[in-house]
Student: 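Take this structure first; my questions come after.
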Amino acid sequence: MYPVEACQEDIKNELRKLLTAYHFTGEIRLDIPPQGLGDFAFPCFALTPLLKKSPASIAQELAPKIPRTTWILKAEANGPYVNIFVDPATMTSSVIRIILEMKEKYGYLPKKKKKVIIEHTSANPNGPLHVGRARNPIIGDTLVRIFKAAGYQVESQFYLDDMGKQVAILTWGINNIQAKDIPIPETAKPDHQYVGFYQKAHERMKTDESVEASINELVKKSEYGDPVVLQMIHAAYNPVLQGIQTSLARINIRIDTYIPESMFVQDKSVEHVVHALQHTAYCHEEDNAFYLDMEPFHVHGKNTRFFFLRSDGTTLYATRDIAYHIWKARRADVLVDILGEDHRLESTQVSIALQLLKEKILPQVVFYAFVSLPGGKMSTRKGRVVYLDELIDECIERAYEEVKKRRAQDLSEKQMKTIAEVVGVGSLRYNIIKVQPEKDIVFKWEDALNFEGNAVPFIQYAHARASSILAKTGTQHPRFDATRLVHPSEINLVKQLTNLPCIIEDACNGCKPHLLANYLFETASAFNQFYRDCPVLAEQVASLRESRIALVAATKIVLCTALDLLGITAPEEM
RNA sequence: GGGCGUGUGGCCUAGCCUGGAUAAGGCACCGGCCUUCUAAGUCGGUAAUCGCGGGUUCGAAUCCCGCCACGUCCGCCA
């Protein structure tokens, strides 16, 4: 059990003993009071109906009865609250000890013996990833890391759309357009090479009906599971997909498994879905096509019919998605999907269908709003995009300028490049993950490349400062005496360190990766204050010096772990 | 037209699920701090009718209803 849990349990136990005497049986919830008013607070409002007294007088009555324990230093009544002050020596000694023992596993929760499949990115492989959807892999990969830390066995999956119109357009383009007829791409990456064919083919399709007919034929054949066509499509998108994988690798993302949509047509599982849906009470037929009436499930709008089988007997994207979810549910205990907000309705329809099919495991879905440009949204078709690769390059380039400005004298070119990479990639991931997924983001270069304040260099810098101190101490195993650490900046930092396990738990339970970003910022901030107030290397009293070294070592571990959960590297120097 | 999401100082964000103590940070702006562990840091200051209007409550940024603005969806597309 982590110190933070032990501490809260102790406080709740003591409160419970007191409150039982008043016949209070409700849940005991502890608040976090404002700065300076203690570590935990017990609000007394819930007791007023029981005791027929004002909450303030109840707090007055309760506070003196709370005993001193190893965890509880004192309790004070303050208005309607009983504010509890934790014994800093107990907290400090236990948390520093456990961090130094567990090292990079500090904060991790006990193994749960449950498997999670997290589906993310799942972009159409018709061109490079663009910034509009860049939140998807970053949110997804961060959740993969968080779920692992929370004790789950995790597999990440990319659902590969190999039967849609997008890949069909690409396939047609590659097979029918001359390379000389497309604009010369700026990079050699295959996704950038191929997107021109897609754009040109899309243009031709809009103006030439025979082109559209050929593309539709490709789509149709793929929907019937035609192996030759599927092979052709595969050949077309595969290099693009590899380009996408390269982009993801650049920002520390590796997806475990790629599941092609066609798999569920070829193995006939989608046919079973169709059959089963046709036998539900909500199924209707129109001109040989089948749909579910969504009205009874509180889906409103112009058209509440969810078509899952066309008149020609082929299935639709959502139908195959149902088969995919059933397949996933057989292989995991928990499913998480990361989807753009444009998929909200589709996702609801899939969930309803899954319930009709008596599926027990439904996906928890994280929807994100698109990143837009100041003038509006991005579009691969229209070529109005900022590609992820461009953004990565720009972030690294800008980071390099910053490093050079500060460290050109004392670092080698190679060192500066390495730091620029780590800072640039980290900035990108941090800036996206620190905002709740459902909030709109307007992409502005000046924000993406801003390296001050609540941005990743602030956190990495704190880590580098801690590393620098430790590198100069020479002691591998600092001996610490918690009673020496009494400065408010020391206590404050220790308190921050205690919270990591709770943050991991909350971030996992609520699928809220941004909590980690907030936590990191606060922890780095607490460390910077400590750094200002409490000299380590210059400290003359040996026991205090050693204790501070231990605190620095613990902080470094926490910063490194939390950064790693965001897929960000913690540099030793910068 | 309907569904869903979002709305917090000049700009951006946290807090909303689970109501409670002076609404917490960052950017920008103003003024301090480098003979001391990297100043990508730090301290202080100016700045908010928490979109608007009702309601519930001892108490609402938080819950409920209505309205407004923005985004998104409402294909036998994916």
Side-chain angles (χ1 to χ4, degrees), chain A residues 27 29 31 33-35 37 41 43-45 48 54-55 78-81 83 124 161 163-168 219 261 286-291 294 298-305 307-312 314-318 320-321 340-346 348 367-370 372 377 399 402-403 405-407 410 423 434-442 444 446-447 450-462 464-473 510 512 514-515 517-518 521-522 524-525 527-529 531-539 548 552 573-574:
Chain A
E27 188 199 354
R29 290 183 60 110
D31 283 2
Q35 268 295 317
L37 297 179
C44 299
F45 304 98
T48 48
S54 74
N78 189 320
Y81 297 91
N83 290 333
N124 276 319
D161 176 17
M163 318 185 46
K165 196 147 189 173
Q166 314 292 325
V167 281
V219 175
E261 201 179 321
E286 184 181 271
D287 305 329
N288 288 325
F290 289 80
Y291 65 90
M294 293 278 122
H298 310 289
V299 172
H300 304 282
K302 264 191 234 162
N303 189 348
T304 58
R305 299 181 305 172
F307 277 90
F308 61 90
L309 189 70
R310 294 194 188 98
S311 332
D312 65 4
T314 59
T315 56
L316 291 96
Y317 168 82
R320 290 166 232 137
D321 204 14
E341 59 181 345
D342 55 339
H343 274 65
R344 280 192 130 104
L345 177 60
E346 189 264 350
T348 307
F367 294 103
Y368 62 91
F370 298 120
S372 60
K377 63 187 280 189
E402 295 288 329
V403 182
K405 203 161 73 192
R406 297 174 162 88
R407 306 296 304 275
D410 44 355
V423 172
K434 75 176 178 185
V435 181
Q436 287 180 26
E438 60 271 21
K439 290 249 193 185
D440 299 333
I441 297 184
V442 178
K444 298 191 190 102
E446 61 265 36
D447 292 345
N450 176 29
F451 287 170
E452 274 169 4
N454 187 359
V456 91
F458 177 88
I459 297 155
Q460 290 174 320
Y461 186 60
R465 278 177 151 181
S467 304
S468 168
I469 292 172
L470 295 174
K472 287 172 184 155
T473 59
K512 290 176 176 170
H514 72 281
L515 297 181
N518 293 345
F521 180 68
E522 283 164 12
S525 188
F527 178 74
N528 281 334
Q529 286 158 31
Y531 184 91
R532 177 198 64 210
D533 296 331
C534 307
V536 179
L537 300 175
E539 177 52 52
R548 284 182 174 163
V552 173
E573 63 175 343
M574 60 186 281

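Computation of the quantities below employed the complete heavy-atom set of this structure, encompassing side-chain atoms and omitting hydrogens, waters and symmetry-equivalent molecules. Residue numbers start from 1 in every chain, and the chains themselves are labelled A, B, ... in the order their sequence lines are given, proteins ahead of strands.
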Student: With heavy atoms under 4.0 Å as the rule, sort F521(A) into base, sugar-phosphate or nothing.
Tutor: sugar-phosphate

Student: Determine the contact category for R548(A): base if any of its heavy atoms lies under 4.0 Å from a base atom, sugar-phosphate if only primed atoms, P, OP1 or OP2 are that close, otherwise nothing.
Tutor: nothing

Student: What does Q529(A) touch in the nucleic acid at a heavy-atom separation under 4.0 angstrom: a base, only the sugar-phosphate, or nothing?
Tutor: sugar-phosphate

Student: Using a heavy-atom cut-off of 4.0 Å across all strands, would you classify Q460(A) as base, sugar-phosphate, or nothing?
Tutor: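 No contact.
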
Student: Could you tell me how far rG1(B) sits from rU8(B) if I compare only their P atoms? Round to whole Å.
Tutor: 25 Å

Student: Just to be sure I understand the rule, does R29(A) reach a base, reach only the sugar-phosphate, or reach nothing, if contact means heavy atoms closer than 4.0 Å?
Tutor: base

Student: Could you tell me how far rU22(B) sits from rC50(B) if I compare only their P atoms? Round to whole Å.
Tutor: 15 Å

Student: Just checking D410(A): base, sugar-phosphate only, or nothing, at a heavy-atom cut-off of under 4.0 Å?
Tutor: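 The residue D410(A) makes no contact with any strand.
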
Student: Considering every strand and a 4.0 Å limit on heavy-atom distances, what is the contact class for A318(A): base, sugar-phosphate, or nothing?
Tutor: nothing

Student: I'd like the C1' distance from rG19(B) over to rC27(B), given in whole Å.
Tutor: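 Here rC27(B) and rG19(B) have their C1' atoms 31 Å from each other.
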
Student: When we call it a touch if two heavy atoms are under 4.0 Å apart, what does P535(A) touch: a base, just sugar-phosphate, or nothing?
Tutor: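 P535(A): base contact, heavy atoms under 4.0 Å.
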
Student: Need one value for C534(A): base, sugar-phosphate or nothing, where a base atom within 4.0 Å counts as base even if backbone is also close, heavy atoms only.
Tutor: base

Student: Does rG75(B) have OP1 or OP2 under 4.0 Å away from a side-chain N or O of Y291(A)?
Tutor: no

Student: Using a heavy-atom cut-off of under 4.0 Å over every strand shown, decide if A455(A) touches base, sugar-phosphate, or nothing.
Tutor: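 It contacts nothing in the nucleic acid.
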
Student: Check whether any side-chain N or O of R532(A) sits under 4.0 Å from OP1 or OP2 of rC43(B), and answer yes or no.
Tutor: yes

Student: Toward the 5' end of RNA chain B, which comes first, V536(A) or V435(A), by nearest nucleotide?
Tutor: V435(A)

Student: Between R310(A) and rC77(B), does any side-chain N or O lie under 4.0 Å from OP1 or OP2?
Tutor: yes

Student: With no hydrogens and no angle check, is any side-chain donor or acceptor of T315(A) less than 3.5 Å from a backbone partner on R320(A)?
Tutor: no

Student: Does any donor-acceptor pair link the side chain of S468(A) with the base of rC37(B) at a separation under 3.5 Å?
Tutor: no

Student: C1' atom, rG45(B) versus rG2(B): distance in rounded Å?
Tutor: 50 Å

Student: Could you check how far CZ of F45(A) sits from P of rU57(B), rounded to whole Å?
Tutor: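 Distance, rounded to whole Å: 17 Å.
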
Student: Give a yes/no answer on whether the side chain of Y317(A) brings an N or O atom under 4.0 Å of OP1 or OP2 in rG75(B).
Tutor: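 For rG75(B), OP1/OP2 do not have a side-chain N/O of Y317(A) under 4.0 Å.
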
Student: Are OP1 or OP2 of rC77(B) and a side-chain N or O of H343(A) less than 4.0 angstrom apart?
Tutor: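 No, H343(A) has no side-chain N/O under 4.0 Å of OP1/OP2 on rC77(B).
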
Student: When the distance from CG of D31(A) to P of rG19(B) is rounded to whole Å, what number comes out?
Tutor: 10 Å

Student: Ignoring backbone atoms, establish whether R305(A) has a side-chain N or O less than 4.0 Å from OP1 or OP2 of rG75(B).
Tutor: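 No, because none of the side-chain N or O atoms of R305(A) sits under 4.0 Å from OP1 or OP2 of rG75(B).
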
Student: Between R407(A) and rA39(B), does any side-chain N or O lie under 4.0 Å from OP1 or OP2?
Tutor: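 No.
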
Student: Is the distance from OP1 or OP2 of rC16(B) to the nearest side-chain N or O of Q436(A) less than 4.0 Å?
Tutor: no

Student: rG75(B), OP1 or OP2 - any side-chain N/O from N303(A) closer than 4.0 Å?
Tutor: yes

Student: Is the Y317(A) ring parallel, tilted or perpendicular to the H343(A) ring (thresholds 30°, 60°)?
Tutor: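 Ring orientation, 0 to 90° scale: perpendicular.
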
Student: When you check the phosphate oxygens OP1 and OP2 of rA40(B), does a side-chain N or O of R406(A) lie under 4.0 Å from one of them?
Tutor: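 So the side chain of R406(A) is within the cut-off, an N or O lying under 4.0 Å from OP1 or OP2 of rA40(B).
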
Student: Quantified in whole Å, what is the C1' atom distance between nucleotide rA69(B) and nucleotide rG51(B)?
Tutor: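 Pairwise C1' distance, rA69(B) against rG51(B), rounds to 8 Å.
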
Student: Select base, sugar-phosphate, or nothing to describe what P33(A) touches, counting heavy atoms under 4.0 Å on all strands.
Tutor: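 Result for P33(A) = base.
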
Student: On a plain distance test, is the side chain of N83(A) in donor-acceptor contact with the base of rA21(B) below 3.5 Å?
Tutor: yes

Student: What is the nucleic acid contact for V403(A), judged by heavy atoms within less than 4.0 Å: base, sugar-phosphate only, or nothing?
Tutor: base

Student: Restricting to nitrogen or oxygen on both sides, can you table the protein-nucleotides 64-69 of chain B pairs closer than 3.5 Å?
Tutor:
none

Student: Roughly how many Å apart are rU35(B) and rG25(B), using the P atom of each and rounding to a whole number?
Tutor: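 Comparing P positions in rG25(B) and rU35(B) gives a spacing of 29 Å.
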
Student: Return the 5'-most residue of the pair V423(A), D312(A) with respect to RNA chain B, ranking by each residue's nearest nucleotide.
Tutor: V423(A)

Student: Looking only at side-chain N and O atoms, does K434(A) come under 4.0 Å of OP1 or OP2 in rG25(B)?
Tutor: no

Student: Please state the P separation for the pair rA61(B) and rG55(B) - nearest whole angstrom.
Tutor: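 After rounding to an integer number of Å, I get 15 Å for this pair.
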
Student: Within the structure shown, what part of the strands sits under 4.0 Å from H298(A) by heavy-atom distance: base, sugar-phosphate, or nothing?
Tutor: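 Since no nucleic acid heavy atom lies under 4.0 Å of H298(A), the category is nothing.
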
Student: Tell me what K302(A) touches on the nucleic acid: a base, only sugar-phosphate, or nothing, going by heavy atoms under 4.0 Å.
Tutor: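 Base contact.
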
